[in-house]
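Throughout, numbering of the chain's residues begins at 1 and tracks the sequence. These numbers come from a predicted model, not from an experiment.
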Amino acid sequence: MYIQGWLCWLAPIIGSLIMPALRKVKHKIRDIIALIPTAISLVCSLLMLPLLFSEKPYLHESLSWIPLINVNLGILVDPLSIVMSIIVSFIGFLILVYSVGYMHGDPDISRYWFFMNLFIGGMLMLVLADNLIQMFFGWELVGLTSWALIGYYYTDEKKLYWVQNYPPSHCALKAFIMTKFGDMLMLMGMLIIYIHAKTWSFLGLAENTRWISTLHSKGLLLATLLLLLGGPLGKSAQFPLHEWLPEAMSGPTPVSALIHAATMVKAGVYFMARILPLFHYAAWHMGFTEVKTFFLVVAVIGGFSAFLAGSQAITAIELKRILAYSTISQIGYMMLALGTAGLMPNYIIGLAAGIFHLISHAIFKASLFLCAGSVIHGVEEKNVLKMGGLGKYMKITYTCMTINALALAGVPPLSGFWSKDAVLAAAYSIGNKIPYLLGLFTVGLTIFYSIRMIGYVFLGEESDYIKHLKKEGHEPHEAPKIMYIPYTILTALTILVGIIAPQIEKFLHKKLEVNILTISKPKTTLTITVSNMTLQTSHIPLVLSITLLIIGFIPSYILYVKRIVEPKSLLGKSVILQGLNKFLRARWYINPIYYTIFVHGLTKFASALCKFSYRIGYAFHELIMVGGTLGLARGMFEADYIPDRACSRAFTVSYNKVRKIQTGLITYNILEYVIGVIILASTLIIFLYVYIF
């Protein structure tokens, strides 16, 4: 048995179960124990590296789990899962080390360690799963723990962790509902595939592709793929299921770093990368053109999400929200790359670009969030307009955050420059230029808000708030070593990846050729055309990208670094800029529209339905009273009122039984919800099987 593959995801899950028993243990001992499970995962991930360099760089093991529906418990260790496991465990471990300092003194730290370890374990289970169902278990475990961690400060006291006017409990519920909507669509797609393929296994689906032909013949192939896409759109916060992520900033900063850098939002990208070769085969070898339509949808959504979130970030004023918008935007680049890959004869070019950007982003985004946490920790404020001049107080954090912000913006020679341009070069090569142009314009937006963020936080004069802090004896200060060492390491990696980026890209091109398709169909070859071969030597995307970098950099530098022009005075002189600022601050009015329709609209509908039900109940009650009166009158004359008494007694007993269902206890409500979901899912499966298939 390949023990490191199993232990990699089991260790954090088992470790999380130990945490509640350590509530009364000394905090130093408890914190050390909390780090051990993820450290074991990191060691196991690194022990899988030799397999990556072997002649047969993959391994598959499976155990019977639920034989009735052909579900196994297994691991699929291949280049994609090895790379992803190392990212998750390495960055997860550094974030947990940072948490020792950041969460010091928290009264409920054992709950924090429980959910953080479970979060990492669920993500690693997802990554190493060899089948759809096991992956979905990890998928839902990540979703459940993220809900608990986003709403970690569940008492909703109005402190730093409120996001605008939303308390943590609201933010957590919003994330849970929006991602679960995508998950339900994804589960429907998975069930349709299983009904036709009779297997959940990734390798089984790739080995026998007749199910794809069957779905095509029934006109269900495109619909099934779009249903599958629902999950990644929700988990990776892509349009139109992106609005939960800015509010996810209500959780502790290490949670934000973990969600944005290594776990939750990367889950959708990983799933798309996992199934990409299989459906590329369906499009290019089996000739099903609707699959190309699916890949175009993925590319357009990715490009639009990148542009949408980038435009919102340029007006955001909360430090972590700026970074949250940048995450949506950068994940959009990854989706753009994977969608582009499906539209190219040689999908490896787009796949390698997407995974390379995933690696690059994981490193610099984790560092940015940890730096942001140190800033917020140091000044007890998250509004960038109340900062300024912090560079002289927090030199290490200033240096690290600036380097990683430049990497985020794609400034050469840092890692983000190479990975972002690999994505844009791939997108440029396909016939449809809309996704490429959306990604290109986002380059200018990214450098603008990155420089703006650094200027507001670390440069310029100190704000009145900072001066007030100093008067009260709370001078801004550098974070303790246990907090700044993790993001110093990540900053060094950002620089290192930038230096060896060409070698990393070549390595990914070679290793990612081994995937579920080539493992199951060893004779499958990649079709490489002349246009694809010249992709690497085309300078047009590079020139355009650098041009947009300069265009975005100059105004931001003038406004927020040199302060030659005051942004407020600039807004006051232009009605157009005021309207644009209002539009972007309102998040393109997408969030208000969602609340109007899905929150307030459903609330009003429920209220109206309740009133209607009450009126029906009242009318029914009157009918019973009339019937009872008539029955009594009949009994007085006929002495035959026993049936009426029995009827009245039946209604009374039924009422007393039914009303007990509504106890007001959340545990019973959750149980009823689970039972309802099981009934709904069973009904759906029966309907699909009997009436459609």
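Closest of all the heavy-atom pairs between Gly251 and Tyr153 is C-CE1, 4.4 Å. Counting all heavy atoms, side chain and backbone alike, Pro252 lies closest to Leu149 at CD-O, 3.6 Å. Annotation for Met123 and Lys266: closest pair CE-C, 4.1 Å, computed over non-hydrogen atoms. Taking both residues in full, the closest heavy atoms of Trp6 and Leu73 are given as CH2-O, 3.2 Å, listed atom of the first, atom of the second, then distance. Heavy atoms only, all atoms of each residue included: Phe119 and Ser146 are closest at CZ-CB, 4.1 Å.
In the model, Tyr347 has a side-chain atom that pairs as donor or acceptor with a side-chain atom of Asn515 under 3.5 Å. Between the side chains of Asn72 and Trp200, no donor-acceptor pair is found at a separation under 3.5 Å. Under the 3.5 Å distance criterion, with hydrogens and angles disregarded, no donor-acceptor pair is assigned to the side chains of Ser41 and Ser89. In this model, no donor atom of one side chain and acceptor atom of the other lie less than 3.5 Å apart for Thr209 and Tyr281.
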Q) For Thr199 and Asn208, what are the C-alpha separation, side-chain angles and deciding distance, and is it a side-chain contact (heavy atoms from CB on, under 4.5 Å)? A) CA-CA 10 Å; Thr199 182; Asn208 186 353; over 6 Å; no
**Q.** Evaluation steps, ring-ring contact (aromatic ring centres under 6.0 Å, His included), between Phe507 and Phe53
**A.** CA-CA 11 Å; Phe507 176 80; Phe53 295 94; 5.6 Å; yes
Q: Please assess Phe356 against Leu512 for the test side-chain contact (heavy atoms from CB on, under 4.5 Å), listing each intermediate value before the final yes or no.
A: CA-CA 11 Å; Phe356 185 24; Leu512 291 177; over 6 Å; no
Q.
side-chain contact (heavy atoms from CB on, under 4.5 Å) for His216 and Met286? Distances and angles first, verdict last.
A. CA-CA 10 Å; His216 168 73; Met286 301 177 74; over 6 Å; no
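Applying the side-chain contact (heavy atoms from CB on, under 4.5 Å) test between Ile120 and each of Ile91, Ile13, Leu96, Ile95 identifies Leu96 as the sole match.
Counting heavy atoms from C-beta outward, Ile14 and Pro37 have side chains that stay 4.5 Å or more apart. With contacts defined as side-chain heavy-atom distances shorter than 4.5 Å, the pair Thr327/Ile259 does not qualify. Counting only heavy atoms from C-beta outward, the side chains of Phe114 and Pro20 approach each other to under 4.5 Å. The shortest distance between side-chain heavy atoms of Leu241 and Thr179 does not fall below 4.5 Å. For the pair Arg274 and Leu76, the minimum side-chain heavy-atom distance is below 4.5 Å. Side-chain contact check for Gln134 versus Trp9: some heavy-atom pair is nearer than 4.5 Å. In this structure, the side chains of Ile33 and Met19 come closer than 4.5 Å at one or more pairs of heavy atoms.
Ring-centre distance between Phe137 and Trp65: below the 6.0 Å cut-off.
The cationic atom of Lys198 (NZ for Lys, CZ for Arg) does not lie both less than 6.0 Å from the six-membered ring centre of Trp211 and within 45° of the ring axis. Annotation: cation-pi geometry satisfied between Lys180 and Phe176 (NZ/CZ under 6.0 angstrom from ring centroid, within 45° of ring axis).
Ring geometry for His361 versus Phe364: interplanar angle over 60°, hence perpendicular rather than tilted (30 to 60°).
Ionic pairing of Asp78 and Lys511 is not present here: no N-O contact between side-chain nitrogen and carboxylate oxygen is shorter than 4.0 angstrom.
More than 12 non-hydrogen atoms from other residues, nucleotides or ligands lie less than 6.0 angstrom from OH of Tyr2.
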